[in-house]
Amino acid sequence: MHEYMSRVRVWGLTCPGFREEISRARRWTHDVLTGHPQADDVALIVSELGTNALLYTASGTDVGVFHVALALSNHVIAISVTDAGNADTAPTITYANEDALRGRGLDMIRTLAHGVTIHNNGQGHTVTAELLTARFTGCAW
């Protein structure tokens, strides 16, 4: 392989700010990762992060959007969702008590992923979850 070549593959999807777009993003994720043993976990993460973008930011307005990016290498799947900003607070991993009706999503993602980062891009936030791939852990895909 040439030193400037990479085996990393990257896909992107921009979704309008409508709730039905969450199921489209989830289906798109499954299509991209057809046959991958972690496709369900990745689709769940996309669904949770997309829902958070719609509920808590300008992404959920009539003119809002959210962006999904998937990057797949031999070692890692990186899932990023970028919101449209204008939120009162930044995304934060919290530990909700058992009576709470909300607040478990990012904690759940942290449990599934090997790393979660939250970046303020000046207009909104990008949340990225990274999962070690099955190939890296000894399984073939």
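All values reported here derive from a predicted model rather than from experimental measurement.
In this structure, the side chains of Asp40 and Arg26 stay at 4.5 Å or more apart for every pair of heavy atoms. Using a 4.5 Å heavy-atom cutoff, the side chains of Leu132 and Val76 are in contact. With contacts defined as side-chain heavy-atom distances shorter than 4.5 Å, the pair Thr133/Asn74 does not qualify. Side-chain contact between Leu70 and Trp28 is present, with heavy atoms from C-beta onward closer than 4.5 Å. The side-chain heavy atoms of Val68 and Trp11, taken from C-beta on, include no pair separated by under 4.5 Å.
For the pair Pro16 and Val65, the tightest heavy-atom approach, listed with the atom from each and the gap, is CA-CG1, 4.1 Å. Between Ser47 and Ile22, the shortest heavy-atom distance links the atoms OG-CG2, 3.4 Å. Counting all heavy atoms, side chain and backbone alike, Ala84 lies closest to Ser59 at N-OG, 2.7 Å. Here the closest heavy-atom approach between residue Gly17 and residue Leu54 is recorded as CA-CD2, 3.5 Å. Pairing each heavy atom of Val10 with each of Ala71, the nearest pair is CG2-CB, 4.0 Å. The shortest non-hydrogen separation linking Thr57 to Gly85 is CB-O, 3.3 Å.
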Checking Val32 against Leu13 for the side-chain contact (heavy atoms from CB on, under 4.5 Å) test, could you report, in this order, the C-alpha distance in whole Å, the side-chain angles of both residues, the deciding distance, and whether it holds?
CA-CA 11 Å; Val32 168; Leu13 177 70; over 6 Å; no

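Qualifying side-chain contact (heavy atoms from CB on, under 4.5 Å) partners for Leu44, counting only residues two or more places apart in sequence or in other chains: Met108, Leu112. Asn121 meets the side-chain contact (heavy atoms from CB on, under 4.5 Å) test with Thr82, Gln123, Thr126; sequence neighbours excluded. In terms of the side chain to side chain donor-acceptor pair (under 3.5 Å) criterion, residue partners of Thr14 (sequence neighbours excluded) are, by chain and number, His67. Annotation: side chain to side chain donor-acceptor pair (under 3.5 Å) contacts of Asp31 (sequence neighbours excluded): none. Residues meeting the side chain to side chain donor-acceptor pair (under 3.5 Å) test with Thr51, sequence neighbours left out: none. For the salt bridge (Lys or Arg N to Asp or Glu O under 4.0 Å) test, residues two or more places apart in sequence or in another chain that qualify with Arg24 are Glu21. Partners of Thr29 under the side chain to side chain donor-acceptor pair (under 3.5 Å) rule, at least two apart in sequence or in another chain, do not exist in this structure. Looking at residues two or more places apart in sequence or on another chain, you find a side-chain contact (heavy atoms from CB on, under 4.5 Å) between His119 and Thr117.
With rounding to the nearest 0.5 Å, the separation of NE2 in His75 from CD in Glu130 is 13.0 Å. In this structure, OH in Tyr56 is found 16.0 Å from CG in Asn86, a value given to the nearest 0.5 Å.
At least one donor-acceptor pair closer than 3.5 Å links the side chain of Asp83 to the backbone N or O of His125.
Checking each of Ile77, Val42, Asp41 against His36 for a side-chain contact (heavy atoms from CB on, under 4.5 Å) leaves exactly one that passes, namely Ile77.
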